[in-house]
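Worth saying up front: this structure is predicted, and the values here are computed from it rather than measured. Residue numbering restarts at 1 for every chain, and letters A, B, ... go by the order of the sequence lines.
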Amino acid sequence: MADKMKSTATVDSQVMLSDGIYSMWLKFPKEQDVASKAVPGQFISMYCKEGSRLLPRPISICEINKEESMLRVVYRIAGQGTKEFSTMQAGDTIEIVGPLGNGFALKEGKNVLIGGGIGIPPMLALAKALKKDVTVVLGYRDSNLFLKEEFEPYAKVVIATDDGSVGTKGNVIDAIREEELEADTLYACGPMPMLRGVKAYAEEKDILAQVSLEEKMACGIGACLGCVCQSKEKDSHSHVNNKRVCKDGPVFDAREIIL
Amino acid sequence: MADKMKSTATVDSQVMLSDGIYSMWLKFPKEQDVASKAVPGQFISMYCKEGSRLLPRPISICEINKEESMLRVVYRIAGQGTKEFSTMQAGDTIEIVGPLGNGFALKEGKNVLIGGGIGIPPMLALAKALKKDVTVVLGYRDSNLFLKEEFEPYAKVVIATDDGSVGTKGNVIDAIREEELEADTLYACGPMPMLRGVKAYAEEKDILAQVSLEEKMACGIGACLGCVCQSKEKDSHSHVNNKRVCKDGPVFDAREIIL
Amino acid sequence: MNLSVDFAGVEMKNPVTTASGTFGSGAEFAEFVDLNELGAVTTKGVANVPWEGNPTPRVCETYGGMLNAIGLQNPGIDVFAKRDIPFLKQYDTKIIVNVCGRTTKDYVEVVERLSQEDVDLLEINISCPNVKAGGIAFGQDPKQVEKITSEIKAKAKQPVIMKLSPNVTDITVMAKAAQEGGADAISLINTLTGMKIDINRRAFALANKTGGMSGPAVKPVAVRMVYQAAHAVTIPVLGMGGIATAEDALEFIMAGATMVSIGTANFHNPTATVDVIRGMEAFMQKNGVKDIKELIGCVE
Amino acid sequence: MNLSVDFAGVEMKNPVTTASGTFGSGAEFAEFVDLNELGAVTTKGVANVPWEGNPTPRVCETYGGMLNAIGLQNPGIDVFAKRDIPFLKQYDTKIIVNVCGRTTKDYVEVVERLSQEDVDLLEINISCPNVKAGGIAFGQDPKQVEKITSEIKAKAKQPVIMKLSPNVTDITVMAKAAQEGGADAISLINTLTGMKIDINRRAFALANKTGGMSGPAVKPVAVRMVYQAAHAVTIPVLGMGGIATAEDALEFIMAGATMVSIGTANFHNPTATVDVIRGMEAFMQKNGVKDIKELIGCVE
Ligand SMILES: Cc1cc2nc3c(=O)[nH]c(=O)nc-3n(C[C@H](O)[C@H](O)[C@H](O)COP(=O)(O)OP(=O)(O)OC[C@H]3O[C@@H](n4cnc5c(N)ncnc54)[C@H](O)[C@@H]3O)c2cc1C
Ligand SMILES: Cc1cc2nc3c(=O)[nH]c(=O)nc-3n(C[C@H](O)[C@H](O)[C@H](O)COP(=O)(O)OP(=O)(O)OC[C@H]3O[C@@H](n4cnc5c(N)ncnc54)[C@H](O)[C@@H]3O)c2cc1C
Ligand SMILES: Cc1cc2nc3c(=O)[nH]c(=O)nc-3n(C[C@H](O)[C@H](O)[C@H](O)COP(=O)(O)O)c2cc1C
Ligand SMILES: Cc1cc2nc3c(=O)[nH]c(=O)nc-3n(C[C@H](O)[C@H](O)[C@H](O)COP(=O)(O)O)c2cc1C
Ligand code: FES
Ligand code: FES
C-alpha cells in the first residue's frame with residue numbers, strides 16, 4: 001500500500017540526436033527502484049516545471065541501466081512540454097512517475113521489432129532484452145536517421161525511409177517484404193497507419209503482433225479513463241469495449257484491439 | 001512613439017542581506033537606457049518566469065549605476081513571485097519594464113529621509129542623489145538591520161526599532177522627536193501607518209512630505225486603473241478623486257492624498 | 001487538533017475527499033497514498049448499466065488546467081457493487097458514490113440498488129457537460145433540480161449530495177432548488193464547459209468538441225460559487241474546483257465549504273490528497289487553530 | 001497576404017484590437033507599441049458622467065489569470081470626447097468606444113453624444129460584473145439584452161457591438177437576443193465572476209469581494225462561447241478571453257471570430273498586440289494562407 005511515488009530524477013546527460021530529437025539519461029535515487037523495476041515497452045510520466053502545464057508527458061523507456069539506477073528516454077520536440085525538457089542540462093532535476101504500463105512480453109523464436117519514427121526508441125530496450133534472433137526494422141522519414149547504430153550490437157538492422165534515401169523506399173512493411181524477413185513475433189511502436197499495417201501483416205501471416213499504442217493521457221495510471229482504445233472483447237476492468245492505454249497497455253496483442 | 005519596451009536584464013549578483021531580504025543587481029543592455037533614465041523613487045516591474053504568475057511585481061529602485069547600466073533592487077520574500085526571484089543567480093535573465101512612476105523631487109534645505117521596513121531600499125538611491133544635508137531615519141522591527149551601513153557614507157543615520165533592540169524604541173516619528181531632527185522636507189516610504197504618521201507630522205510642522213505609496217497593480221503603466229489612491233482634488237487624468245500609484249506616483253505630496 | 005467534520009450527518013475524520021472521476025474507485029491511487037488517511041473516497045460516476053463513454057481524444061491540457069470529455073464511461077452498478085465497494089470497504093474511510101444517469105429513472109435505479117449497500121453518501125451528478133442526454137440538462141434548470149432531487153430522496157437510504165453545474169447564470173438558484181428538493185448537501189463545482197482548437201490540425205482537440213474544464217485555472221470561479229451557494233442554503237457544501245494545495249483547500253473552507261474534493265491535482269501530483277491534509281494540519285498548527293470547524297465560512 | 005477584415009461594415013487593417021479596460025485610451029501603451037499597427041483600439045468603458053470606481057485592492061493575481069474589480073472608473077463622456085478621441089484620431093487605426101451605464105438612459109445618453117463624434121464602432125458593455133446597478137444585470141436576461149440593444153440602436157450613428165457576459169447558462173440565447181435587438185455585432189467574453197480569499201489575512205483579496213476573471217486561464221471557456229455564439233447568429237463576433245499569442249488569436253478566429261481583442265496579456269507583455277499581429281502573419285506565411293478570412297470559422 002502506498003508504495004509508488006513521484007520521483008525526482010536528475011538529468012545525467014542530454015544530447016540532440018537529430019533535428020529536434022533528444023536523448024536524455026535520467027538518474028534515480030537508489031532507494032526508489034525506478035530503473036530496477038522497469039521493463040521494455042513501459043513508459044514514464046514526465047512532468048513540466050512550468051506551472052501552466054500540468055499534465056504528465058508519457059515517454060517510452062529507451063534503455064534501462066539497473067546498476068546505475070538510470071533510464072534513458074529519446075523524444076521529439078512536439079510542443080511546449082518536450083521543448084522544456086530539451087533545455088534541461090546535466091544536474092537539473094525533473095519529476096517523474098513510473099515505470100508505468102505493462103511492457104512487451106518477451107517471446108522465443110524469431111523476433112522482428114518494428115519502430116517507426118519516434119516509435120523507434122522503446123525498441124532499443126527491447127532488442128537488448130530479447131538478446132537473440134532479433135531483427136529490427138526502422139522506419140524514418142528521410143536520411144536523418146537516429147539510434148540506428150545503437151541497435152547494431154543487438155540486432156540485424158533493416159531500414160525503410162519514406163523518401164528512399166536509405167534502405168527500402170516505403171514503409172516498414174515494404175521493407176519486411178523486400179527483405180523477406182521471417183518472424184514468429186512482431187513487436188511494433190509507431191504511428192497509427194504503421195500499426196494498422198503491422199496488425200494486417202500479422203493476420204496475413206498468422207503470427208503474434210504486440211503493438212504499443214499512444215493516446216492523450218491525464219492520470220497515466222489507469223484512474224481517469226482518458227486514454228482508452230477500443231478492444232474487441234468487453235474489457236474485464238471497464239466491462240465495455242475499452243482498454244486503458246496507460247494501464248492495460250501501452251502494449252497490446254494486436255488481435256485484442258481495434259485500430 | 002513606441003520607445004519603451006520590456007527589457008531583459010541579467011542578474012549581476014544576488015545576496016541575502018537579512019532573513020528573507022535579498023539584494024540583486026541587474027544589468028541592462030547598454031542600448032536600452034533603463035538605468036540611465038532611472039531616478040530615485042521610481043520602480044521597475046519585475047516579471048516571473050513561471051507562467052501561472054502573470055502580473056508584474058513592482059519593486060523600488062534601491063541604487064542606480066548609470067556607468068555600468070545597472071540597477072539594484074532590495075526586496076523581501078512576500079509570496080511566490082519574490083521567492084522565485086530569490087532563487088536567481090548571477091547570469092540568469094529576468095524581464096522587467098521600467099523605470100516606472102515619477103520619483104522623488106529633490107529639494108534644497110534639510111532633508112530627512114524616512115524608511116520603514118521594506119520601504120528602506122528606495123531611500124538609499126535618494127540619499128546618494130540628494131548629497132548634502134541628509135538625515136535618514138530607518139525603522140526596523142528588531143535588530144535584524146539591513147542596508148544601514150550602506151547609508152552611512154551619504155547620510156546621518158538614525159534608527160528606530162519596534163522592540164527597542166537598536167536605537168529608539170518605537171517608530172520613526174518617535175525617533176525624529178527623540179533626536180529633535182529638524183527638516184524642511186520629509187521623504188518617506190514604508191507601511192501605511194508610518195506614512196500616516198509622517199503626513200500628520202508634516203502637517204504639524206508645516207513642512208513638505210513626499211510619500212511613496214504601494215498598491216496592488218496589474219499594468220504598472222497607468223492604463224488599467226487598478227492601483228489608485230484617493231486624492232484630495234479631482235485628478236486631472238481621472239476627473240474623479242483618484243490618482244494612479246503606478247503613473248501619477250508612487251511618490252505623492254502628502255497633502256494631495258488621503259491615506 | 002481536530003480535523004473531523006460532520007458532513008450531512010456522516011462523521012469524517014477530515015474534510016478531504018476525492019473529486020469524482022479523477023480517482024477511479026481508489027484502486028490505482030492506493031498504490032500512491034494510504035486511503036485510510038482520507039476523509040472519504042468519492043468514486044467515478046456509476047450508472048444503472050455500463051456506459052462506453054466518448055471517443056478519444058478525451059482529454060487535453062489547457063493553460064493551468066485541462067479539458068475532459070470522458071463521457072462517463074463506467075462498468076455499471078452491478079460490477080461496481082461487486083468489485084469497487086468491497087475494495088473500498090477494506091479501508092477506514094467513508095465512501096461517497098457518485099451517480100449518473102440519462103433519465104430520472106436511471107438515477108433512481110442506481111440509488112435504489114445502492115440502498116442495500118454499505119456506502120456512506122450518494123453524490124448525484126446532474127452537471128456533467130459531456131453527455132448528450134441527462135447530466136447537465138438537469139443541472140441548469142431549477143425546477144428539474146428540485147424534481148430530480150426529491151425523486152431521488154424518496155428512494156435513497158443514504159444522505160444525498162446534489163452536484164451542481166457552474167455553467168449557470170445564478171448558482172444560488174440551483175443551490176436553493178436542491179435544498180428545496182430535500183438534498184442533504186450540495187457539491188460544486190463540476191467542470192466549466194470549454195473548447196480547445198488545434199490550429200495546426202484545424203481540428204478540435206477533443207473528439208467531443210467541447211469538454212469540461214478543471215484544474216487550478218478554474219479555482220476563482222469555484223471559490224466564488226461555493227461562497228455564494230454556502231450563503232444561500234443551510235445544508236453543507238462540498239467544495240471543489242482547482243484545489244491543488246492546502247492553501248487552496250482552506251480558501252474553500254473559509255468561503256463556506258464543510259468538505260473539499262481534490263480532483264485534477266491528482267494527475268500532476270498523485271499524493272495531492274494526503275499532501276493537502278498534511279498542509280492543513282501544518283496551517284492549523286502554525287496559526288493556533290484547534291478545530292477546523294472554526295475556519296468554515298470564517299470569511300464573510 | 002491579406003489580414004484585413006470587414007467588421008460590421010468597418011474595414012479593419014487587421015483583426016486585432018484591444019480589450020476594453022486593459023489599454024486605457026491607448027496613451028500609455030503608445031509608448032510601447034505603434035498604435036498605427038492595430039486594427040482598432042477599443043477604449044475603457046465610458047459613462048455619461050464620471051465614475052469613481054471601487055475601493056482598492058481592485059486587482060489580484062490568480063493561477064494563470066487575474067481578477068479585477070475596477071468598477072468602471074471613468075472620467076465621463078465629456079472629458080473622453082475632448083481628450084481621448086482627439087488623441088486616438090492622430091493614429092491610423094479604428095476607434096471602438098466601449099460604453100457603460102447604470103440605466104438604459106445612461107447608455108443612450110452616451111451613445112447619442114458619440115453620434116456627433118468621429119469614432120468607428122460602439123461596444124456596449126452590458127456584462128460588467130463589478131458594478132451594483134446596470135452592467136451584468138442587463139447581460140444575463142435575454143429580454144433585457146434585446147430591449148437595451150434596440151433602444152441603443154435607435155439612437156446610434158455607428159455600428160453597435162453588444163458585449164456579452166459569460167456568466168450565463170446559455171450564451172446562444174444572449175447572442176440571439178442581441179441580434180434580435182438589431183446589434184451589428186457581438187463581442188465576448190467579458191470576465192467570469194470569481195473570488196479569491198487571502199487565507200493568512202482571512203479576508204477577500206479584493207475590496208469588492210468578487211471580481212472579473214481574465215487571462216489565459218479563461219481561454220477554453222471563451223473559445224467555447226465564441227464558437228457557440230458564432231454558430232447561433234449571422235452577425236460578426238469579436239472574440240476575446242485569454243488571448244496572449246498569435247496561436248491563441250487564431251484559435252478564436254478558427255472558432256468563428258472575425259476579430260479578436262487582446263486584454264490581460266498587455267499586462268504581462270506590453271507589446272502583446274503587435275506581437276500577435278506579427279505572429280498571425282508568420283502563421284499565414286508558413287501555412288500558405290493568403291487571406292485571414294479563409295480561417296474565420298474554418299473549424300466546424
Ligand atoms: C505511451 C506513450 C509513449 C510515448 N513515448 C514517446 C517517446 O518515447 N518519445 C517521444 O518523443 N514521444 C513519445 N510519446 C508522445 C509524447 O507523449 C508526446 O509527444 C508529448 O507528450 C508531447 O508533449 P508536448 O508538451 O511537447 O506537446 P503538446 O502538444 O504541447 O502537449 C499538450 C498535451 O498533449 C499531450 N500529448 C501531445 N502529443 C501526445 C501524444 N502523441 N501522445 C500522448 N499525449 C500527447 C501532452 O502529454 C500534453 O498533455 C509517447 C506517448 C505515449 C502515450
Ligand atoms: C511601487 C512599489 C514599490 C515596491 N517596492 C518594493 C521593494 O523595493 N521591495 C520589496 O520587497 N517590495 C516592494 N514592493 C512590494 C512588492 O511589490 C510585493 O512584495 C511583491 O509584488 C510580492 O510579490 P509575490 O509574488 O512575492 O507575493 P504574492 O502575494 O504571491 O503576489 C501576488 C500578487 O500580488 C501583488 N502584491 C503582493 N504584495 C504587494 C504589495 N505589497 N504591493 C503591490 N503588489 C503586491 C504581486 O505583485 C502579485 O501580483 C513594492 C510595491 C510597490 C507598489
Ligand atoms: C477526468 C475527469 C473525470 C470526471 N468525471 C466525473 C464524474 O464521473 N462525475 C462527476 O460528478 N464529476 C466528474 N468530474 C468532475 C470533477 O469531479 C470535479 O468536479 C471537477 O474536475 C473540478 O475539480 P478539480 O478542478 O479539482 O478537478 C471529472 C473531472 C475530470 C477531470
Ligand atoms: C483591468 C480590466 C478592466 C476591464 N474593464 C472593462 C471595461 O471597462 N469594459 C468592458 O467591457 N470590459 C472590461 N474588461 C474586460 C475585458 O475587456 C475582456 O473582456 C476580458 O478581460 C477578457 O479578455 P482577456 O482575458 O484578454 O483580458 C476589463 C478587464 C480587465 C482585466
Ligand atoms: S490516462 Fe488516466 S486512465 Fe489512462
Ligand atoms: S497598475 Fe494599471 S493603472 Fe496602475
- Message: Just so I know, are the side chains of P270(C) and V97(A) near enough to count as touching, which here means a heavy-atom distance under 4.5 Å?
- Response: yes

- Task: Find the one option among K216(A), Q230(A), R53(A), K247(A) whose heavy-atom pairs under 4.5 Å with chain C are most numerous.
- Result: R53(A)

- Is there a side-chain contact between E61(C) and Q80(A), using heavy atoms and a 4.5 Å cut-off? no

- Query: Given that the side chain runs from C-beta out, which part of P50(C) has a heavy atom under 4.5 Å from chain A: side chain, backbone, both or neither?
  - Reply: both

- Residue, of H268(C), M66(C), E52(C), that accumulates the most heavy atom pairs under 4.5 Å with chain A: H268(C)

- Apply the test side-chain contact (heavy atoms from CB on, under 4.5 Å) to residues V240(A) and W51(C): give CA-CA distance (whole Å), side-chain angles for both, the deciding distance (0.1 Å), then the verdict. CA-CA 7 Å; V240(A) 292; W51(C) 287 16; 5.9 Å; no

- Side chain to side chain, Q73(C) and S238(A), heavy atoms closer than 4.5 Å: yes

- Message: Is F23(C) close to chain A through its backbone or its side chain, or both, or neither, when contacts mean heavy atoms under 4.5 Å?
- Response: backbone

- Contacting region of T264(C) [heavy-atom separation from chain A under 4.5 Å]: neither

- Message: Around atom NZ of K89(C), are there more than 12 heavy atoms from other residues, nucleotides or ligands closer than 6.0 Å?
- Response: yes

- Item | Pairs of heavy atoms under 4.5 Å with chain C: top-ranked of A218(A), P56(A), C227(A) | A218(A)

- Task: State, yes or no, whether a side-chain contact exists between H237(A) and R83(C) at a heavy-atom distance under 4.5 Å.
- Result: yes

- Is there a donor-acceptor pair closer than 3.5 Å between any side-chain N or O of R58(C) and the backbone N or O of L225(A)? yes

- K49(A) atom NZ: more than 12 heavy-atom contacts under 6.0 Å: yes

- One should read off an interatomic distance between N242(A) CG and I70(C) CD1, to the nearest 0.5 angstrom, of 10.5 Å

- Does atom CD of Q116(C) have more than 12 heavy-atom neighbours, drawn from other residues, nucleotides or ligands, at distances under 6.0 Å? yes

- Query: Which members of residues 214-223 of chain C, sorted by number, sit under 4.5 angstrom from chain A on a heavy-atom basis?
  - Reply: P216(C)

- Query: Which answer fits T271(C), side chain, backbone, both or neither, if we ask what part of it has an atom under 4.5 Å from a heavy atom of chain A?
  - Reply: neither

- Task: Please check if atom CD in E31(A) has more than 12 non-hydrogen atoms from other residues, nucleotides or ligands closer than 6.0 Å.
- Result: yes

- Message: For the CG atom of L55(A) and the CZ atom of F267(C), what is their distance to the nearest 0.5 Å?
- Response: 8.0 Å

